[in-house]
Structure formats: structure tokens, C-alpha cells
Q: 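Sharing a structure with you now.
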Protein chains: 2
Amino acid sequence: MSRIVMKFGGTSMAGIERIRSVALRVKREVDAGNQVAVVVSAMAGETDRLVNFCREASSLYDPKEYDVVVSAGEQITSGLLAIALQAVGVPARSWMGWQLPIRTSDGHASARIGEIDTTALNESLARGEVAVIPGFQGVATGERVTTLGRGGSDTSAVAIAAAMQADRCDIYTDVDGVYTTDPRIVPRARKLKRVTYEEMLELASVGAKVLQTRSVGLAMKEKVRVQVLSSFTDADAPMADTLPGTMIVGEDELGQEDIDVERQLITGIAHDKNEAKITLTSVPDKPGSVGAIFTPLAQANINVDMIVQNVAHSTGSTDVTFTVPGADLARSLEVLGNAQGEIGYAELVHDTRVAKISVVGVGMRSHAGVAATMFETLGARSINIQAITTSEIKVSVLIEEDYTELAVRVLHTAYGLDSEDAA
Amino acid sequence: MSRIVMKFGGTSMAGIERIRSVALRVKREVDAGNQVAVVVSAMAGETDRLVNFCREASSLYDPKEYDVVVSAGEQITSGLLAIALQAVGVPARSWMGWQLPIRTSDGHASARIGEIDTTALNESLARGEVAVIPGFQGVATGERVTTLGRGGSDTSAVAIAAAMQADRCDIYTDVDGVYTTDPRIVPRARKLKRVTYEEMLELASVGAKVLQTRSVGLAMKEKVRVQVLSSFTDADAPMADTLPGTMIVGEDELGQEDIDVERQLITGIAHDKNEAKITLTSVPDKPGSVGAIFTPLAQANINVDMIVQNVAHSTGSTDVTFTVPGADLARSLEVLGNAQGEIGYAELVHDTRVAKISVVGVGMRSHAGVAATMFETLGARSINIQAITTSEIKVSVLIEEDYTELAVRVLHTAYGLDSEDAA
């Protein structure tokens, strides 16, 4: 017997027919002798509908009341899934966040999960009931309902898996696993059997939108084995012995097999078109001028990503280039415009037609030459590199946006990631 | 300062624009110095949507989970109204049934309200906050969510008014009060300033669909002054001195004015086309045969209303006629069909083309002749009376459905209820 958390997203819950097939999938795990808790999202589109009601009611809505409104979406689907499970002969009951309870911080609309009381949950599982738990919600001090912020249901699932010491947390989504890169760009992309938490964090944060980043961080911290599976292809049914999704595991769990035979130096290639590049020209090359740029941005809560400072001109000034999230560009330009006197730059130039390409893999720790291969491969196609950042398990470059697909494809081949069967 | 409960139905909550005007109406009461709790229904149509989801998920749905699903409708509107109130500068917060809590019986999907804990509510009101409370919901033992059955929000409002010892419970609805009869049938129908609980019970249960019957019974028991007002006409604004809806009060609160000058013997005339007439012919006229008819109906939970037993034929048999709710007709026929051997009737005849016309008024207690006036008035128009029932404050007759409007009109005139200004 295993203890399993299964999490289903909004597309899987969109309508009674889909909820019924979710119920059948849960039933298979129950029939295999497992104890199961299911975490559900709201029906696709429902959270948007509820969020819009709040915005219409007031642009400055009270997050405490927003949480009351939007948490209703998952409340509805958890009741419906419990009904659908009972209809196929599986004992089930729903547990709202306040009923378990799932304690969270007071940060309404973006609360963080604290302690989850599993006493009642464990008793229910021991009675052979499936527990259906709305994702995305909890309860704060004063018994007020909270939500975790958009995409929070993945985090709920991982947190519940940790609290109930589940053997596995299966995240059903509309992709069937994590790929070496976006299969829409590279048809020969391969599905990964295993990926480490750290790789997943890098892949998720640079645009492989499979799992919410926060949930991966939590899984890493709590050592929860997370599996990404498709809700739609029946071939991906979570039968006892076949686990054809992608497991997200600790580095120590990568088998010899992963490292020697199948696994390449690089695990995956991500791209992100949502960055914007900002260049300040002729910044005085003296102590304090870089601080004058980045301090006001930090104060405005803007995350600066890649930074390049050119060699100083003979005039004693330099150009400073960096990227910010595209959504923060307008605010960044305003902040920097206000600080022109203090920074003393000549011109403020920006460019949104850029893309960040990242190669990610724990294997690169022990192998030199990963970055060199990247630069050579892109250079051979005359793709100009505008900025570079590296971490222990990632190399990212900024290029002109038009070259995104070409760059991903040639790098995928260069690192030996292409599958032998064309998809 | 008064303590007031205001209740708004689904039409008043249908969309943010309407919720905003509800907020303005609540603000007026607050600005007048009152402590206010607001009880809200779900947006019009939302409860039906949620009920249908449950039915689609399983025709034999678990009422515990049904309650989780359908209670979400009022949860949403209470959060939204709290936001809309804050947006017009009125401090407000929502209180779910489980938060106050509103304790109910375990009868999921048709729970009865037990104790309401007003400790937190009173503190909140004392802080100057408007309490927004979802109608229709509560919490049972084991902290499971319950609902009160359709139309339960009126009952919630009255129960909360009783618990917080409110001076008044204002029910906003899409009519602007209780009329002497349906104004669509009789344009000269008059709005009543005051009606007693007992009259309202009779008027509601025979088809004046202004208030849920259960809520009127509860108001009578708890001596809650209920006022029915329109949510739509601004002329009916609940300003301090003008209360132009209908107050539902105890008989002792009827002023001398009501009794002597304005008030007629008869308060109102109701009609109900949802009854069905059943006749059993040639039932043996012997002890036990009536019991053989009505016992199986009672066991099947069918409410029999008007009963007429004809004088026995010379053959020693009689015809028995009675009415049942139209919705229960098919089931009644089945029950009686199965019992034919035991009852020993010849034929089972039914007719749905009937209507019940009732004249209601506490004044008839002290005046003879009310029934006689009714029979004479209908007789003068050649309207045949098929059955009669009376209570202390009501006389009801069953007639052919086609004569409903005519009967209501002539009775309205006969009892002196016509307004002097044509509407």
C-alpha cells in the first residue's frame, strides 16, 4: 500500500464529464490498494470569472474578501469530485481548507502554507475514504479563509503530500511530462524520465510552464517525490508498475542509469520571451554609479536578471545593460528616468525583442565546456549573444527574439538531446 | 440607533452593478446610525447551475457534498458585497455560516437552524462593521457545511434577526410589499401596510410567493418584525421615517387604525393553480375505508389538502374527492392504484385544471358571513365550487381553473378591497 496525492488542474475539472473521468482515474489507484488524497483546482475559467467579479466590485478590493470569493471555485469542484467518486463506488469526502485545517500565513491572496493538521485526514484515509481537498486555499488566524496566489494548487498538493508523508505526489496536467525542450519548437524533444528539483526550478522559472515554481521549491525542501503526468492520454494511466510521466526527485535519486547511459550533460533547454533589455549609455565609470542604478529598482520590487557592464570608454564612462521582466518594463523606465540626475547616464534605451535561452543540467557541474559549446553553436549560426548569466547548473544567454526557435533547435542537437524517433 | 437585518434575494445580487446598488442601500441605513447585518442570496441562476452540476455528477448525490457545492453561491455574493460596501466607505466583513457559527441540524440539503452564536457578530457590529452573511447555509456537527433547502435565505435572515435581537428584518424582493391580491390579475389591488404572521402564512402557503413560508413561521415564533420591500424602486428606500413596504407583525401590533378605518374584514385573496384534484368513485361507505385512502398517502409523504366526502349513495357507497400538490399527482395515483384492492373504489379520476381561491383575514374571526359572501359572489357568476376548506382566518374553495382570474376579481370587489385609484 502506498499513500498518494493526486492533483488535477482546471482543465481536468472543466465540466462533469471530465470530473467523472478524474473519478475513474482515482478509482484505479484505490483499487490498487492505495490511500489517496486528491487536490483539485477550480473549473477552467472559473477563477478568472471570480477574480473579475472582485475587480469589478472594487479595484482596491480587500484581499480577505477576495479570498472568500475566489476560494469558492475549488470548493465547488471538490464537492463535485466527491459526488462523482461515490457514484463509481469509491467512499469519498471533501475537506475544505478550514476543515482539516490547512493553516497559512495571514498574507491574503498570496498566503504561505504553514502547518497542516492531518489528524482527521489520516483517520478518514484509514477508514478507506478518498479525501478530496480544494487546492489554493487555507485558513489564517481568526479563521479567515486564505488563498495561495494563482497556480497555488500545485503547492497545496505538495504541502499535503509532505504533511501526510505520501509516497508520491502525482500532478496531472495538460502535458504528459517534462521535455528536454518545448516540443512545439523541437519535434524531436524527448520526455525526461527523471529531473532533479534544482533542474526543474531552473526550467520552470525560465518558461517551461509545467509546475508552479513555488511547489517545486517546497517539494525540494520537503523531499516530496513529484510526478508530472497527463490527465488526458489514457496511456499515461498511473498503473502500479508503469509510471510514464516525469519524476521530479533529489539528485541522490538519479540512478546510475540516468547518469551514464541515458542522461546527457544537459537536461533541458528553456526559452523565455518575456524579458526586456534596458541599456543606460555613458554611465560615469566611478564607485557608486552601479548602486545608483539598481538600488531604486530593488526598492520598486523589480527583479533585475542579466547584467552586463561594458569595458569603460576612454572617456571614463561605460554602458550598463540588464534585463527585467517585460511586465515591469514601464515601471523600470519610470524609476530610472526619475534617477537620471543621480546616475548621470546619457541615454536610456530599451528593447523588448529579446529572448533568454537557458541550458540546464546538474551534469554540467562536473563537466567543463558546456558554456563554450553554447557560444560556438550559436556563433556558427551567426546568432549574436547580448548578455550571459550562469549558475552552477545553468547557462543563459540573451539573443534577438527572432532567433529563439533556431537557437533552441541547434542547441538541442548540439547537446545530443534529439530523440532518435522523430515525433 | 436600531439593529437591522437586511436580506437581498438573487435578483438583487445578479451582477456587480446590482451588488453596488445594494451596497448604497445598506450605506443609507448605516449613515442613519443603525447597526446592520446583511443576509444575501446567490446570484440569480447560480444555485440552479450548482444544483445541476450535482445532479449531473450523480442522480443519487450525497447531500453533504451537495451542500459544499451549492453553499458556494452565497459565499461568493457575500464576499463581493463586503468588497462593494468597503468601496463606498462602509466597513464590512463577510461571515460564513461556519465562522459565526450558525448551527443547524444534520439534515443536509434541508437543515433546520438551531443556535446562532452572536458573540463575534455583536463585537463586529459594535466596531461599526456591517456583517455580510450568506443566507441558506450553516454548519452541522462534525463541522460539515449544511444548507437549508431552496428559499432558505429568508429563514436565515429571520433567524439572524431573532438571534441578534434586531429591531427589524427587512426583506428586499422583486415585489414592493404584500398586496390584497395579485396585482397582475386585479390592477386595483392595494399594498397592505401591515399583515399579521398568521395571515402571511396563509397567503404565502396558498401562492402569494413573497416570503418563504418557513421564514414566516419562524418570525411568528420569535416575534421578529419582518418588512417586505422592493429592491428596485428607489421610492421604497428604507429612510428613517418612511417605511412603505409591508410590515409583518403580531396581531397585537395591529393599530386601531388598521382595524377600524383602513383594514377590511378580509386582508387578501390568494390563488393557487398548483393543486390537482383526485376523485375515487364508489368507495364502500363503511368504517376504515377513508383511512385506507389517506394512510398510504401520508406514508408516501404526500400532503392532502381539501377533502370532500359525498353523501352516501343508496347503494351504500360514496365518492371521495381531495386535492394534492400537482407535483405529487403521479405518485399519488400510483399509491392509490396499488391500494385499490384494500380501498375497494370503482374508478380513480383526476383533474389538474382546478384552482384554489382563498380569502384570508384575522378580521373574520369576529365576523360571521365571510364564507356566505364568498359562495354568493361566486354563485352570482355561475362559478361552481368543487370543494371547500376553512380555518379560523381563511376560507378556501376549489373551482375550475379557467375561472381563477374572474373569481379573484369579483371577490376582491365584494370584500371592499379595491383601491380607489386604479393602478
Side-chain angles (χ1 to χ4, degrees), chain A residues 13 15-20 22-23 42-43 46 49-50 52-89 91-96 98-101 120 132 134 139 142-145, chain B residues 13 15-20 22-23 42-43 46 49-50 52-89 91-96 98-101 120 132 134 139 142-145:
Chain A
M13 303 305 288
I16 298 299
E17 272 318 305
R18 291 197 180 166
I19 291 176
R20 231 190 290 277
V22 166
M43 293 190 184
E46 180 72 359
R49 185 176 84 104
L50 298 173
N52 285 338
F53 280 146
C54 293
R55 288 193 182 138
E56 273 183 73
S58 169
S59 52
L60 292 167
Y61 52 76
D62 179 356
K64 294 191 198 71
E65 300 299 341
Y66 165 96
D67 283 350
V68 168
V69 174
V70 298
S71 64
E74 284 76 12
Q75 174 172 333
I76 291 168
T77 46
S78 49
L80 291 174
L81 180 57
I83 292 173
L85 281 165
Q86 294 176 4
V88 294
R93 75 155 278 191
S94 63
W95 295 90
M96 301 302 103
W98 59 269
Q99 286 172 324
L100 278 173
V132 185
V139 64
E143 303 304 301
R144 300 294 303 255
V145 171
Chain B
M13 303 305 288
I16 299 298
E17 271 320 305
R18 292 199 179 164
I19 291 176
R20 230 191 292 278
V22 166
M43 293 189 184
E46 180 72 0
R49 185 177 84 105
L50 297 173
N52 285 338
F53 279 147
C54 292
R55 288 193 181 139
E56 272 183 73
S58 170
S59 52
L60 293 166
Y61 53 76
D62 179 356
K64 294 191 197 72
E65 300 298 340
Y66 165 96
D67 283 350
V68 168
V69 174
V70 300
S71 63
E74 284 76 13
Q75 175 172 332
I76 291 168
T77 46
S78 49
L80 290 175
L81 179 57
I83 292 174
L85 282 165
Q86 294 177 4
V88 294
R93 75 154 279 192
S94 63
W95 294 91
M96 299 304 103
W98 59 269
Q99 286 172 325
L100 278 173
V132 185
V139 64
E143 303 304 302
R144 301 292 305 255
V145 172

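Values below: every heavy atom of this structure, side chains too, minus hydrogens, waters and symmetry copies. In what follows, chains are A, B, ... by sequence order, proteins preceding strands, each numbered from 1.
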Q: If you define the side chain from C-beta out and look only at heavy atoms, does anything of Met96(A) sit under 4.5 Å from Val68(B)?
A: yes
Q: Report the distance from atom CG of Asp62(A) to atom CG of Leu85(B), rounding to the nearest 0.5 Å.
A: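 Atom-to-atom, Asp62(A):CG and Leu85(B):CG are 11.5 Å apart.
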Q: State, with a plain yes or no, whether a side-chain heavy atom of Pro101(B) is found less than 4.5 Å away from one of Glu143(A).
A: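 No, their side chains stay 4.5 Å or more apart.
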Q: Let me know if Gln86(A) has heavy atoms under 4.5 Å from chain B in its side chain, its backbone, both or neither.
A: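 The side chain, not the backbone.
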Q: Side chain, backbone, both or neither: which part of Val145(A) has a non-hydrogen atom closer than 4.5 Å to chain B?
A: both
Q: Among Glu17(B), Lys64(B), Arg20(B), single out the residue with the greatest number of heavy-atom pairs under 4.5 Å to chain A.
A: Arg20(B)
Q: Measure distances from Gln99(A) to the heavy atoms of chain B and classify the residue's part below 4.5 Å as side chain, backbone, both or neither.
A: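 The side chain, not the backbone.
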Q: How about Glu65(B) and Ser78(A): does a side-chain donor come under 3.5 Å of a side-chain acceptor?
A: no
Q: Tell me which of these, Ser94(A), Ala72(A), Gly15(A), has more heavy-atom pairs under 4.5 Å with chain B than the rest.
A: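 Top count of heavy-atom pairs under 4.5 Å with chain B: Ser94(A).
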Q: Where on Ile76(A) is there a heavy atom nearer than 4.5 Å to chain B: the side chain, the backbone, both, or neither?
A: both
Q: Just verifying a value: how many Å separate Gln75(B) CD and Leu50(A) CG, rounded to the nearest 0.5 Å?
A: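 It is 9.5 Å, given to the nearest 0.5 Å.
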Q: For the residue pair Ile83(A) and Cys54(B), what are the closest heavy atoms and their distance?
A: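 That would be CD1-SG, 3.9 Å.
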Q: Which heavy atom in Ala87(A) sits nearest to a heavy atom in Ala57(B), and how many Å separate them?
A: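 For Ala87(A) versus Ala57(B), the nearest heavy atoms are CB-O, 4.0 Å.
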Q: With a 4.5 angstrom heavy-atom cut-off, could you sort out which part of Leu80(B) is near chain A: side chain, backbone, both or neither?
A: both
Q: Between Glu46(B) and Arg49(A), does any NZ, NE, NH1 or NH2 come within less than 4.0 Å of an OD or OE carboxylate oxygen?
A: yes
Q: At a 4.5 Å cut-off on heavy atoms, which part of Val70(B) comes close to chain A: side chain, backbone, both, or neither?
A: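 Neither part, no heavy atoms under 4.5 Å.
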Q: Write down the atom of Phe53(B), the atom of Ile16(A), and the distance for their closest heavy-atom approach.
A: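 Nearest pair, atom of Phe53(B) first, then Ile16(A): O-CD1, 3.4 Å.
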